[in-house]
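What follows is a single structure, written as structure tokens, with notes after it.
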Amino acid sequence: MEGKKTREEVEKSGMIDTWMKKHRMIYTGATKHPFILSIRDGTVDLEAFKTWLGQDYIFVRAFAPFVASVLIKAWKESDDCSDMEVILSGMASLNDEIAWFKSEATMWGVQLSEVVPQKANQDYCRFLESLMSPDVEYTVAITTFWAIEAVYQASFALCLEDGSKTPAALRETCRRWGNDGFGQYCNSLQKIANRRLGKTPDDVLTKAEVTLLRVLEHEVEFWNMSHGAA
Ligand SMILES: Cc1ncc(CNC=O)c(N)n1
């Protein structure tokens, strides 16, 4: 018999693990999307990859101010000053990442200034913007931040596993989010989220869970832009 876990039991194992088990299907939909599986098995359509590259550059430009808003919340609301340092390290890598997108785009002949954001991208960026409001609790924001990073980490790590047939030209892209350092950074974010979720009131806990599910849905729609339902 598997009864409902008490609040105390959940706090010991971590709320994120509990939610990942509960929402396994949608998490798998976001991390093992057909687009990612096509990179992994080497059948990826390079036009689809270029579409993803241009759209993700626009996303990352909106993601940076979102991370800045999480940093502000950590500074104001966090009970642990090391949170800020983890978030700041994430912001620093975004600086690198934007430069990488530019050089990668040049390599693939993608004109970034001419990329028009598609609907799924606009919707995702608007969602991020809504979370930048000071009314959104730090706990909700840090959980969202973790989820966004964790989806990319899990997705691209899959393309680097033994037996994957990821084309050589795409391996560097996969390493950007699939490398161990990025994995450790995601673990640090997950620890912060778990710590906060473990001592948050039930109404904020519900908000964080709903927002996490929205992230997973947006990620699926984002992959869909390049592959399939576009
Ligand atoms: C759509 C999407 N989700 C998550 C990430 C990963 N975070 C920063 O790079 C990303 N680049 N794009």
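As the structure is a computational prediction, the values presented were derived from the model and not from experiment. We number each residue from 1, following the sequence as shown. Whatever order the structure lists them in is the order used to number ligands and atoms, beginning at 1.
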Suppose we screen for side chain to side chain donor-acceptor pair (under 3.5 Å). Which residues come up paired with Arg126, at least two apart in sequence or across chains? Asp123
Residues pairing under side-chain hydrogen bond (donor to acceptor under 3.5 Å, both in side chains) where one sits in residues 156-170, two or more places apart or in two chains, turn out to be Arg40-Glu161
Criterion side chain to side chain donor-acceptor pair (under 3.5 Å) on Glu219 and Tyr124, from CA distance to verdict: CA-CA 8 Å; Glu219 289 289 340; Tyr124 201 175; 2.7 Å; yes
Students often mix this up, so state it plainly: with edges at 30° and 60°, are the rings of Phe101 and Trp177 parallel, tilted or perpendicular? tilted
Compute the ring centroids of Tyr152 and Trp223, then answer whether they are less than 6.0 Å apart. yes
Residues passing the ring pair (Phe, Tyr, Trp, His ring centres under 6.0 Å) test with Phe145, sequence neighbours excluded, are Phe63
Contacts table for ligand 1: protein N or O within a distance under 3.5 Å of ligand N or O, distances only.
{"residue": "ligand 1", "atom": "3 (N)", "partner": "Glu219", "partner atom": "OE1", "Å": "3.4"}
{"residue": "ligand 1", "atom": "3 (N)", "partner": "Glu219", "partner atom": "OE2", "Å": "2.7"}
{"residue": "ligand 1", "atom": "7 (N)", "partner": "Glu149", "partner atom": "OE1", "Å": "2.7"}
{"residue": "ligand 1", "atom": "9 (O)", "partner": "Glu97", "partner atom": "OE1", "Å": "3.4"}
{"residue": "ligand 1", "atom": "9 (O)", "partner": "Glu97", "partner atom": "OE2", "Å": "2.4"}
{"residue": "ligand 1", "atom": "9 (O)", "partner": "Trp177", "partner atom": "NE1", "Å": "3.2"}
{"residue": "ligand 1", "atom": "11 (N)", "partner": "Asp56", "partner atom": "OD2", "Å": "2.9"}
{"residue": "ligand 1", "atom": "12 (N)", "partner": "Asp56", "partner atom": "OD1", "Å": "2.7"}
{"residue": "ligand 1", "atom": "12 (N)", "partner": "Asp56", "partner atom": "OD2", "Å": "3.4"}
{"residue": "ligand 1", "atom": "12 (N)", "partner": "Tyr152", "partner atom": "OH", "Å": "3.2"}

